[in-house]
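What follows is a short report on a single structure.
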Amino acid sequence: MTVATSSTTDTPLKSTQGRVLVLDFGSQYAQLIARRVREQHVYCEIVRHDITAEQVRKHNPSGLIFSGGPNSVYDDGSPQPDPAIFDLDLPILGICYGMQLVCTSMGGQVVSTPSREYGPTQVSVTCRDSIFSEFPAEAQVWMSHGDQVMEAPAGFQPLASTGTCPIAAVKHESRPLYGLQFNPEVTHTPQGNTLLKNFLYEVCHCPGNWQLGDFAEEQIRQVQQRVGNGRVICGLSGGVDSAVVAALLYRALGDQLSCILVDNGLLRKGETGLVVDEFTRHFKTDLHVVEAETLFLDALAGVTEPQQKRTVIGHTFIDCFKQAAESIEDVQFLAQGTLYPDVIESGAAVDGPAATIKLHHNVGGLPDELGFELIEPLRDLFKDEVRQLGLELGLPEAIIWRHPFPGPGLAVRCLGEIKKDRLDILREADAIVIEEIVAADLYRKTSQLFAVLLPIQSVGVMGDARTYENALVIRCVDTDDFMTADWTRLPYDVLARMSTRIINEVAGVNRVCYDISSKPPATIEWE
Ligand code: XMP
């Protein structure tokens, strides 16, 4: 069994007081719980559900949160905590399945209810105990359970109930053990933060002093110590993660940092210029731009199959990066923008029942055989924390708030064979849709917006003449996690302006469509 290695022994966060561990019993919300805790300025990590009491002790946490999970506590092989964890006398908050675990571990009884309770429910608070202090007597909460605690264990008292769930919250009379049958971490429980805050501050007595700024300073100190007089290289992609890594490392190391930007000819309009400008003028890094458009387009000639495009681009990228890295002397370290969700999803942190495999073949990922020591200064942070850190480091909003862009770039948005003239058409149209959404003040309100060039022509009429030109699609989605997404209900007048401008300004396009598919069953990208 392994537990989170990210921050237990060698990261700066260990000096931060008041950490809380989330034991992941397979909840889809484990990350959300961790984020909510950090929003209260308490550092939080997700660990496997079967972490031993001894390992918990080494983390020296102020409290534990048991997440929900899809199982029934009585299922064969259902995930259970090490019973010795209860002997540590740490505050524990069990959520949903987590509450049922706390109760059954203490001798309570859980039963399967005839009707699953799922969705918004009114809860009545029967005991305004510490974690319910400042919580309304009646409030909406989000329930999602089939089982429920029927009989509170000896020494526990019920704190709240709903129409169908008589014990919706419990606490031990003398020990710091709490359970909530509903989810305080989701937005559908509008007062949920009050409960988490009370648990963290009143029960766990966390000082609430976790700050991103302190995190950055600690990281800078650590990197300086680790790198000494060595040299670090960092790949820049135009994305926010690599930009924040580079900005942080520049602060730490100055001219000991070399950045590599591979211009593969598949980037968005103005992207290379924006990055080059930022990392040569503002952060005066030793920036190496590899002009590789021809190399990539040659390698992609005749390739139409999406996965093959990714493979070709991935290999070509590694070759280019390697060559550029070899031209820089005495490089020992490679910096990467790995984030906490990547660490969790790769299984390195939890590898528990909820761990999923990231299916994306991340172009831009570099193989171990490059032989560098890895530096991953963001591996404890969530995306929104990375953005905030980037702003604190002085990166411009244009980089920080850019919509995500896939590693294979425009290649997976230029359907069919990739040709320079088709990429140029796509790039121009893409720039127009972005300009128009920014003008409509909707850019920050949408998750991802882009154009897709289809490999088909359609008939049109321009002036008095027949045209037979490219059809293009606008794709815009709203999503929290990019695993599921809904198409954005963009106002018709915004769509109309995008369409009119594209057809008028981009030669070669005579038809614009709007993609109204959600994910699933579609995906966000077309390839
Ligand atoms: P899909 O199309 O799978 O996309 O719904 C989900 C998110 O992932 C991005 N994406 C990729 N990112 N390499 C990447 O780095 C890829 O091959 C890739 N394919 C999709 C996509 O832009 C969206 O944000």
Side-chain angles (χ1 to χ4, degrees), residues 31 234-245 261-269 271 275 296 299-300 303-318 320-321 336-339 341-346 356-367 376 378 382-384 386-387 399-415 418 423 426-427 430 433-434 437 443-454 473-488 515-527:
Q31 286 195 37
C234 175
L236 287 173
S237 66
V240 56
D241 305 341
S242 62
V244 175
V245 170
L261 171 64
V262 176
D263 185 353
N264 57 11
L266 304 166
L267 300 177
R268 288 167 286 193
K269 188 175 177 183
E271 191 147 38
V275 176
F296 276 81
L300 284 166
V303 179
T304 54
E305 204 280 316
Q307 293 307 80
Q308 208 193 335
K309 283 183 183 173
R310 285 186 167 83
T311 310
V312 168
I313 293 167
H315 288 154
T316 315
F317 176 82
I318 290 164
C320 286
F321 193 91
Q336 285 200 323
T338 315
L339 305 193
D342 305 326
V343 176
I344 296 166
E345 280 167 16
S346 70
T356 48
I357 309 290
K358 214 172 194 177
L359 295 174
H360 284 307
H361 350 247
N362 228 346
V363 174
L366 291 161
E376 299 175 308
L378 310 181
F382 289 107
K383 189 84 175 186
D384 46 356
V386 170
R387 289 206 162 103
I399 288 182
I400 292 301
W401 291 111
R402 263 201 140 180
H403 284 173
F405 187 61
L410 298 182
V412 289
R413 297 176 179 173
C414 187
L415 272 53
I418 317 262
L423 285 173
L426 176 59
R427 222 182 320 262
D430 189 67
V433 296
I434 301 294
I437 202 145
Y443 188 74
R444 289 270 300 272
K445 298 188 183 110
T446 52
S447 307
Q448 208 170 357
L449 165 70
F450 53 90
V452 180
L453 187 63
L454 300 184
V473 171
I474 298 170
R475 178 72 162 143
C476 187
V477 294
D478 298 318
T479 172
D480 284 331
D481 56 7
F482 297 88
M483 311 290 258
T484 62
D486 197 7
W487 59 280
T488 308
D515 182 346
I516 53 167
S517 2
S518 58
K519 171 185 178 179
T523 53
I524 296 174
E525 302 290 345
W526 273 51
E527 286 194 336

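For ligands, and for the atoms within them, numbers begin at 1 and follow the listed sequence.
Of the polar atoms of Phe482, none of the N or O atoms is found under 3.5 Å from an N or O of ligand 1, judged by distance alone. For a threshold of 3.5 Å applied to N or O pairs, the pair formed by Glu527 and ligand 1 contains no separation below that value. Any N or O atom pair closer than 3.5 Å counts here, and Arg413 shares no such pair with ligand 1. Among the atoms of Ile524, some N or O lies under 3.5 angstrom from an N or O of ligand 1.
Within the 4.5 Å cutoff, no side-chain heavy atoms of Arg402 are placed close to those of Val240. Side-chain contact check for Glu271 versus Arg427: every heavy-atom pair is 4.5 Å or farther apart.
Within the 3.5 Å criterion, the main-chain N or O of Leu415 finds no donor-acceptor partner in the side chain of Glu527. Of the possible donor and acceptor atoms, one in the side chain of Thr311 sits under 3.5 Å from a partner among the backbone N and O of Gln307.
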> So Arg413 and Arg475, side-chain contact (heavy atoms from CB on, under 4.5 Å) or not? Walk me through it.
Replying inline: CA-CA 10 Å; Arg413 297 176 179 173; Arg475 178 72 162 143; over 6 Å; no

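Listed by number with element, the atoms of ligand 1 under 4.0 angstrom from any heavy atom of Lys519 are 1 (P), 3 (O), 5 (O), 6 (C). Near Thr523, with a cut-off below 4.0 Å to any heavy atom, the atoms of ligand 1 are 1 (P), 2 (O), 5 (O).
At a heavy-atom distance under 4.0 Å, no atom of Ala485 approaches ligand 1.
Between Asp241 and Lys383 a salt bridge is recorded (basic side-chain N to carboxylate O distance below 4.0 Å).
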